[in-house]
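Here's the structure, in C-alpha cells; my notes come after.
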2 protein chains.
Amino acid sequence: MGVAAQQMLQAGRVPIIMTSTRIPDEIHDRCAHCIGREHSICNAIDDCDLAILASESSKMTVPDGRSFIEEGEPAHDFFVVTGGRVKLFTLLPDGRRQITGFAEGGDFLGLAASTSYAFGAEALGTAVLCRFPHASMQRLTSRFPNLEHRLRQEASRELTLMQARMTLLGRKTARERLATFLMERARLLSAPVPEPHAPIELDLPMPRTDIADYLGLTIETVSRVLSAFKREGLISIRGITHITIMQPDRIAAIAEGLE
Amino acid sequence: MGVAAQQMLQAGRVPIIMTSTRIPDEIHDRCAHCIGREHSICNAIDDCDLAILASESSKMTVPDGRSFIEEGEPAHDFFVVTGGRVKLFTLLPDGRRQITGFAEGGDFLGLAASTSYAFGAEALGTAVLCRFPHASMQRLTSRFPNLEHRLRQEASRELTLMQARMTLLGRKTARERLATFLMERARLLSAPVPEPHAPIELDLPMPRTDIADYLGLTIETVSRVLSAFKREGLISIRGITHITIMQPDRIAAIAEGLE
DNA sequence: GCCTCACCTTGACCTGGATCAAGTCTGGGG
DNA sequence: CCCCAGACTTGATCCAGGTCAAGGTGAGGC
C-alpha cells in the first residue's frame with residue numbers, strides 16, 4: 001500500500017478509486033454499455049458522439065459510507081450513478097439529518113446546486129459514479145442542445161418527486177409515511193400495474209436509520225410501524241432487508257391516508 | 001353583467017379576466033416593462049425579440065382565492081407571476097393540505113409537471129400572471145436556445161429551495177420553522193446583509209392558515225409561537241400582517257436550531 | 001461452532017404539538 | 001356608532017411519536 005493511501009486510512013478516509021480511461025475504443029464502450037445510457041441524461045446523445053461524452057466524464061468508485069459531495073462546498077461536478085446506491089442529505093448544525101433522496105443506477109445528481117451544493121451525498125454500499133465537471137457539461141450542452149432540454153426534464157422529474165415528499169413530511173402520519181415509502185420502493189422495481197393484489201418482494205438496501213431520516217421519523221418509530229404492519233398481515237419480514245408487501249392495495253390506501 | 005358571468009358566479013366561480021393584446025407596440029411594451037423581464041426567464045431574450053415573446057404569451061388576472069392550476073390536471077401551460085401573489089399546494093384525499101411554496105412577482109410556475117401538474121395553485125389576493133402554453137415555450141426554446149438554459153437554472157434554484165424546505169418539514173421544531181419562515185420573508189425584501197442587528201419590518205400577506213400549511217403545523221401552533229416570540233421580545237406584532245423582527249440575529253439562530 | 005458488534009426491536013414513559021373549545025380583535029356595512 | 005363575520009389568540013386537554021433503556025438477532029471473524 002502506498003504512503004498516500006496509508007495516510008488516508010489513518011485519517012479515517014478511504015481513497016476513492018479514480019479510473020481514467022485513455023483508449024478511444026474503451027472510452028466508447030464505457031458509455032455504450034452504461035446504465036446511464038439507457039435511463040439517464042446520456043440518452044440525449046447519439047451513438048456516434050459517445051466518445052465525446054466519455055472524454056468529458058470519468059468513472060469513480062466510492063466505497064461504502066464514503067461521502068463524495070459535501071453540503072455547502074463549491075459545486076464543480078455533476079454525477080450519474082452507474083452502479084450501486086447513494087444517499088443525499090442535508091444536515092442541521094446539531095447533527096439532525098434529513099435524507100432528501102436515495103439515488104441508484106441511472107440517477108442524475110447535482111442539479112440542486114447554484115454555486116455550492118445544497119446537499120451532501122454518500123455511498124450506500126459500494127457505488128460507481130460517472131463524473132461530469134461543470135465545464136464539461138457546458139461544452140456538451142453547447143454542442144448537443146438537446147442535452148440541455150434533457151437536463152430540464154430531469155430537474156422537472158426531481159421537482160415532482162420533491163413536491164410529493166414535502167406533503168409526506170409536512171402532513172402524513174408515521175403509518176402513512178412508511179406505507180408511502182414501501183409503495184415508492186415497489187414502484188422502482190416494476191413500472192406499470194404488475195398484478196393488483198399479488199405480493200411484492202422488496203429489498204431495502206438502507207439501514208433503518210436512513211429510512212427514519214428519509215421519512216422524518218426516529219428509528220424506533222420506523223421499527224414499530226413495520227412491526228405493526230407485519231402483525232396486521234400487511235407485510236412480511238424475513239431478514240432485516242427483505243420485506244414482502246402482502247396486501248399492496250391496502251398499503252397503497254394507507255399511503256394516501258385512506259385507512 | 002352578461003349571462004355567462006352570472007352563471008359563473010352562481011356556480012361559485014369568479015371569471016378570470018383574459019386580456020389578449022393585439023397591437024404590436026403594445027405587445028412589445030407589455031414585456032419590456034414587465035417584472036418578469038427583470039427577474040424571470042424572460043431576461044434570456046434580447047430586447048429586439050420581445051415582440052415574439054409577447055406574441056407567445058398572454059396576460060391573465062386572477063381574483064383572490066381563485067385557483068388556476070388543478071393538481072393532477074394535464075399540464076398545458078407555464079406561468080410567470082407578474083403581479084400580486086400566488087400559493088402552490090398539494091392535497092391529500094381527506095383535505096390535508098401542504099403549501100409547497102408562495103410565488104410572487106417574477107417567479108416562474110409549472111416546472112414541477114410532466115404530463116400533469118404535481119401541484120395546485122391559487123391567487124393570494126388579486127394576482128396577475130403571464131401564461132405560456134407548452135407549445136409556445138417549445139417554439140421559444142428552439143428559437144432562443146439560451147432560454148432552455150435559463151429554465152434549467154430556474155429549476156435548480158427551485159430544487160435548492162425545496163431541499164431546505166424538506167429539512168424544515170422533516171427535522172425542525174415549531175419554533176425553528178417559524179423563525180426560518182420569518183428569515184425567509186426577510187430575505188425576500190433585502191438581498192444582502194442589511195444591518196446585522198437592525199429590526200426588519202415584514203408584511204405577511206397570507207393568513208395564518210396558509211403559514212400553518214406551509215410549515216406543516218396547525219394554525220394554533222403558529223399563533224402560539226408568534227405570541228411567544230413577541231413575549232420574548234424577538235418580534236413585535238402590529239396588526240395581523242405587520243410583523244417586525246426586532247432581533248434578526250437571534251431569530252436567525254433559532255432558525256438554524258442553535259438556540 | 002460460537003463470539004461479538006452493529007443493528008434492530010420492544011417496552012415504559014414523556015412531551016411537543018394537535019385537538020377541542022372559548023374568547024378576542026378587526027374592519028366593513030348599516 | 002354599533003353590529004357582525006371572519007380571522008386570530010388563548011387555554012385545557014390529549015395523544016402520536018419522541019426519548020430513554022433494555023433486550024434480541026444475525027453476519028462476519030476466529
Side-chain angles (χ1 to χ4, degrees), chain A residues 63-65 87 92 94-99 124-126 168-181 202-232 235-243 254 257 259, chain B residues 64-65 87 92 94-99 124-125 168-181 202-232 235-243 254 257 259:
Chain A
D64 187 20
K87 56 190 171 196
L92 289 175
D94 63 2
R96 276 174 285 173
R97 184 177 68 154
Q98 177 65 47
I99 291 190
L124 181 62
T126 303
L168 178 143
L169 292 172
R171 287 295 178 224
K172 286 190 180 178
T173 65
R175 274 175 77 85
E176 289 162 3
R177 292 179 201 209
L178 260 305
T180 307
F181 176 68
L202 298 179
D203 214 79
L204 303 182
M206 67 291 286
R208 298 287 189 263
T209 320
D210 287 353
I211 300 178
D213 283 348
Y214 180 61
L215 299 177
L217 300 169
T218 59
I219 180 174
E220 293 95 331
T221 300
V222 169
S223 192
R224 270 189 258 272
V225 171
L226 287 179
S227 297
F229 283 170
K230 181 178 167 187
R231 214 176 310 122
E232 298 167 35
I235 65 173
S236 89
I237 306 178
R238 283 193 314 290
I240 293 167
T241 66
H242 193 157
I243 289 187
I254 294 172
E259 187 163 334
Chain B
D64 186 18
K87 55 189 171 197
L92 288 175
D94 63 2
R96 275 174 286 174
R97 185 177 67 155
Q98 176 65 45
I99 292 190
L124 182 60
L168 178 143
L169 292 172
R171 288 296 180 224
K172 287 189 178 177
T173 66
R175 274 174 77 85
E176 289 162 4
R177 292 179 200 210
L178 260 305
T180 307
F181 175 69
L202 297 179
D203 213 80
L204 303 182
M206 68 290 286
R208 298 285 188 264
T209 318
D210 287 353
I211 300 178
D213 283 348
Y214 180 61
L215 298 177
L217 299 170
T218 58
I219 179 174
E220 293 94 332
T221 300
V222 169
S223 190
R224 270 189 257 273
V225 171
L226 288 179
S227 296
F229 282 170
K230 181 178 167 186
R231 213 177 309 121
E232 297 167 36
I235 65 174
S236 89
I237 307 179
R238 283 194 312 290
I240 292 167
T241 66
H242 193 156
I243 289 186
I254 293 172
E259 187 164 333

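Treat the numbers as computed from the prediction; the structure is a model and nothing was measured. Per chain, numbering begins at 1; letters A, B, ... match sequence-line order.
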Could you give the [atom1]-to-[atom2] distance, from [X] to [N], as a whole number of Å?
X: His242(A); N: dA27(D); atom1: NE2; atom2: P; answer: 13 Å
X: Arg171(B); N: dG17(D); atom1: CZ; atom2: P; answer: 13 Å
X: Leu215(A); N: dG17(D); atom1: CG; atom2: P; answer: 12 Å
X: Asp213(A); N: dG17(D); atom1: CG; atom2: P; answer: 17 Å
X: Arg231(B); N: dT10(D); atom1: CZ; atom2: P; answer: 7 Å
X: Arg208(A); N: dT25(D); atom1: CZ; atom2: C1'; answer: 12 Å
X: Asp64(B); N: dA7(D); atom1: CG; atom2: P; answer: 10 Å
X: Leu217(B); N: dG17(D); atom1: CG; atom2: P; answer: 15 Å

Contact summary for [X] and [Y], nearest pair of heavy atoms:
X: Gly257(A); Y: Asp94(B); answer: O-OD2, 4.3 Å
X: Lys172(B); Y: Thr180(B); answer: NZ-OG1, 3.1 Å
X: Arg175(A); Y: Val225(A); answer: CA-CG1, 4.0 Å

base_contact_polar (dC20(D) base, Glu220(A) side chain, donor-acceptor, <3.5 Å):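 Answer yes: a donor N or O sits under 3.5 Å from an acceptor.
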
N/O donor-acceptor pair, side chain Arg224(A) with base dT19(D), under 3.5 angstrom: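 By the distance-only test, yes, there is a pair.
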
N/O donor-acceptor pair under 3.5 Å between Ser223(B) side chain and Ile219(B) backbone: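 No, Ser223(B) side chain to Ile219(B) backbone: no donor-acceptor pair under 3.5 Å.
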
Spacing of CG belonging to Leu204(A) relative to CD1 belonging to Ile243(A), to within rounding of 0.5 Å: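 Rounded to the nearest 0.5 Å, the CG-CD1 separation comes to 4.5 Å.
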
Rounded distance [0.5 Å steps], CD in Glu176(B) versus CG in Leu92(A):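 Answer rounded to 0.5 Å: 7.0 Å.
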
Sugar-phosphate, base or nothing in reach of Leu226(B), heavy atoms under 4.0 Å: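 The residue Leu226(B) makes no contact with any strand.
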
Start and end of the DNA chain C segment that chain A contacts, any atom under 4.0 Å from a heavy atom: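 With heavy atoms of chain A under 4.0 Å away, the range is dC8(C) to dA12(C).
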
Closest to side chain of Ser227(B), choosing from dC20(D), dG18(D), dT10(D):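 So the side chain of Ser227(B) is nearest to dT10(D).
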
Along DNA chain D (nearest heavy atom to each residue), the more 5'-positioned of Gly239(A) and Thr221(A):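 Closer to the 5' end of DNA chain D: Thr221(A).
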
Arg208(A) and Asp210(A), any side-chain heavy atoms less than 4.5 Å apart: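 Heavy-atom side-chain distance check fails, nothing below 4.5 Å.
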
